[in-house]
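Residue numbers run from 1 in the order of the sequence given. Numbering of ligands and ligand atoms starts at 1, following listing order. From a predicted model like this one, the values you see are computed outputs, not experimental measurements.
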Amino acid sequence: MQLRLSAAAAAAVVVISSLSLFLLPSTVDAHNITRILAKYPELSTFNHYLTVTQLAPEINRRETITVCAVDNGGMGDLLSKRLTIGAIRNVLELHVLLDYFDAKKLHQITDGTALAATMFQATGSAPGSSGFVNITELKGGKVGFSPEENGGVISAYFVKSIEAIPYNISVIQISTILPSPEAEAPAPEPSQMNLTALMSARGCKVFAEALLANPAEQTYESNLESGLTVFCPGDDAMKSFIPKFKNLTAAGKQSLLEYHATPIYQTLAGLRSNNGLTNTLATDGDKKYDFTVQNDGTGVTIKTKIVTAKIVKTLVDVNPLAIYQLDKVLMPPELFKAAASPTPAPAPAPEANAKPPKKHKSPPAPDAPSDSPADAPDGDVADQTANGAGAAARFTGAVILSLGFVFLQL
Ligand SMILES: *[C@@H]1O[C@H](CO)[C@@H](O)[C@H](O)[C@H]1NC(C)=O
Ligand SMILES: *[C@@H]1O[C@H](CO)[C@@H](O)[C@H](O)[C@H]1NC(C)=O
Ligand SMILES: *[C@@H]1O[C@H](CO)[C@@H](O)[C@H](O)[C@H]1NC(C)=O
Ligand SMILES: *[C@@H]1O[C@H](CO)[C@@H](O)[C@H](O)[C@H]1NC(C)=O
Ligand SMILES: *[C@@H]1O[C@H](CO)[C@@H](O)[C@H](O)[C@H]1NC(C)=O
């Protein structure tokens with residue numbers, strides 16, 4: 001079983017990396033943890049599991065981090081617990097500190113102790129303080145590591161520095177795996193993950209409720225396994241939009257909601273470096289329902305011909321699901337008329353200009369029933385937008401889920 005999972009996971013990695021190469025052509029990673037660890041045979045099991053759990057690419061795209069590796073014996077102890085791959089991922093995430101600690105810095109910690117947030121904490125899956133690691137300088141130059149939930153009992157010690165690339169990544173070896181009942185707890189089944197509850201709890205309650213009451217929710221669900229990025233308008237934005245929303249036909253409502261998600265998993269870094277037109281769950285044949293992603297300083301904006309919204313917050317970012325909060329509702333030209341503009345509208349991206357959208361219906365009044373995107377049979381939208389990636393993505397999604405990557409808890 002273990003072997004079959006690994007093989008499947010390797011296949012998933014291949015599919016995913018080719019997908020992301022295709023989708024995010026300009027992303028350049030600062031380092032390659034797989035390559036760094038490959039020089040140390042005694043860390044090969046740890047390295048192998050960074051790949052199997054898909055953590056390696058997550059580590060590569062982050063900067064200012066510290067990876068606390070353990071030797072093959074330490075990994076043996078972890079593996080003997082027969083955890084799910086999802087739980088192993090949680091445990092390994094606890095070994096990635098979101099700050100830079102090389103040997104020198106470890107021995108010069110202010111006041112001799114520090115609390116480091118970890119990737120386990122950053123995924124939002126760590127309850128309470130369990131995503132933090134306490135680092136303490138001890139007598140005789142020793143440095144101890146302890147998960148915060150461990151009640152101050154030091155469980156692992158700094159062994160040696162493996163590689164240091166200031167201040168991008170430090171790889172160190174510690175004596176044993178950090179014990180964490182929370183991280184080791186079995187990840188919830190995918191079926192237990194509740195997209196709308198997740199959004200509700202984190203600032204997009206009004207949008208989540210609209211989604212719950214609409215068939216669009218099924219479109220979201222059916223993309224959850226193969227990759228989904230949701231751009232949910234925050235509660236204030238959505239509240240003031242409700243009168244316009246209520247004015248739409250049933251089909252229009254569905255399209256509007258489906259317009260707020262893309263059928264692929266996109267990181268913030270990916271969005272930032274991947275400007276251009278993006279299809280959405282509402283895209284279906286000549287119903288373009290696309291928008292333009294544009295970086296704006298360090299931020300990211302989403303432009304339709306009618307509004308420019310900003311990503312204000314990352315609610316969830318755990319492959320294959322990302323949820324970002326927007327400051328505005330995205331209004332597609334398919335459903336809303338662009339305001340007759342004496343003030344120049346924000347300039348659309350070049351691609352958007354190249355082909356003026358051919359409106360299949362004029363005027364694109366919200367009430368026009370034949371404008372209805374829901375003319376498409378249920379499920380079609382998701383299938384079409386998933387595109388060539390379809391079968392592969394579905395397979396990948398299944399593998400990912402079987403690996404237990406979705407372990408979000410509320
Ligand atoms: C650190 O990361 C930055 C940004 O990715 C990169 O430009 C730089 O070359 C990296 N530094 C080293 C020493 O690799
Ligand atoms: C990282 O290094 C490994 C081993 O050398 C290689 O197989 C992999 O393709 C590299 N990943 C990236 C993103 O360059
Ligand atoms: C880390 O743990 C030690 C030992 O229990 C404790 O004295 C220290 O205050 C903790 N450090 C932080 C930053 O919480
Ligand atoms: C998700 O949670 C909402 C409440 O936020 C509930 O109404 C809905 O039935 C749940 N969905 C599933 C699939 O459990
Ligand atoms: C609702 O639609 C009607 C008719 O198209 C329009 O006159 C009205 O302004 C719309 N209301 C809102 C809030 O958009």
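- The single protein non-hydrogen atom nearest to atom 13 (C) of ligand 2 is D29 OD2, 4.1 Å, given as residue, atom name and distance.
- If you look at E63 next to ligand 1, the close heavy atoms, those under 4.0 Å, all belong to the side chain.
- Distance remark: protein heavy atom not present below 4.0 angstrom from atom 7 (O) of ligand 3.
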Checking side-chain hydrogen bond (donor to acceptor under 3.5 Å, both in side chains) for the pair Q266/T262: CA distance, chi angles, key distance, verdict?
CA-CA 9 Å; Q266 289 169 293; T262 65; 3.0 Å; yes

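- Put simply, the side chain of Y259 gets close to the backbone of D290: a donor and an acceptor are under 3.5 Å apart.
- In this structure, K160 contributes its side chain and I172 its backbone to no donor-acceptor pair below 3.5 Å.
- The nearest heavy-atom contact from the protein to atom 5 (O) of ligand 3 is G152 CA, 3.3 Å.
- A salt bridge does not link K142 with E137: every distance from a Lys NZ or Arg NE/NH1/NH2 to an Asp or Glu carboxylate oxygen is 4.0 Å or more.
- Here F132 and F120 keep their ring centres 6.0 angstrom or further from each other.
- Closest approach of T267 to Y324, counting heavy atoms only: C-OH, 3.1 Å.
- On a distance-only criterion, T113 and ligand 3 share at least one N/O pair closer than 3.5 Å.
- N194 and T196 are linked by a side-chain donor-acceptor pair at a separation below 3.5 angstrom, with hydrogens and angles left out of the test.
- Proximity to T136 (heavy-atom distance under 4.0 Å) selects the following atoms of ligand 3: 1 (C), 2 (O), 3 (C).
- Less than 4.0 angstrom separates some heavy atom of N168 from each of these atoms of ligand 1: 1 (C), 2 (O), 3 (C), 8 (C), 10 (C), 11 (N), 12 (C), 14 (O).
- Across I154, D111, N134, I109, heavy-atom proximity to atom 14 (O) of ligand 3 is greatest for N134.
- Salt-bridge annotation for E184 and K81: present, with a side-chain N of the basic residue lying under 4.0 Å from a carboxylate O of the acidic one.
- The closest protein non-hydrogen atom to atom 4 (C) of ligand 2 is T34 CG2, 4.2 Å.
- The protein heavy-atom contact nearest to atom 3 (C) of ligand 2 is N32 ND2, 3.7 Å.
- Annotation for ligand 1: atoms under 4.0 Å from non-hydrogen atoms of I165 are 12 (C), 13 (C), 14 (O).
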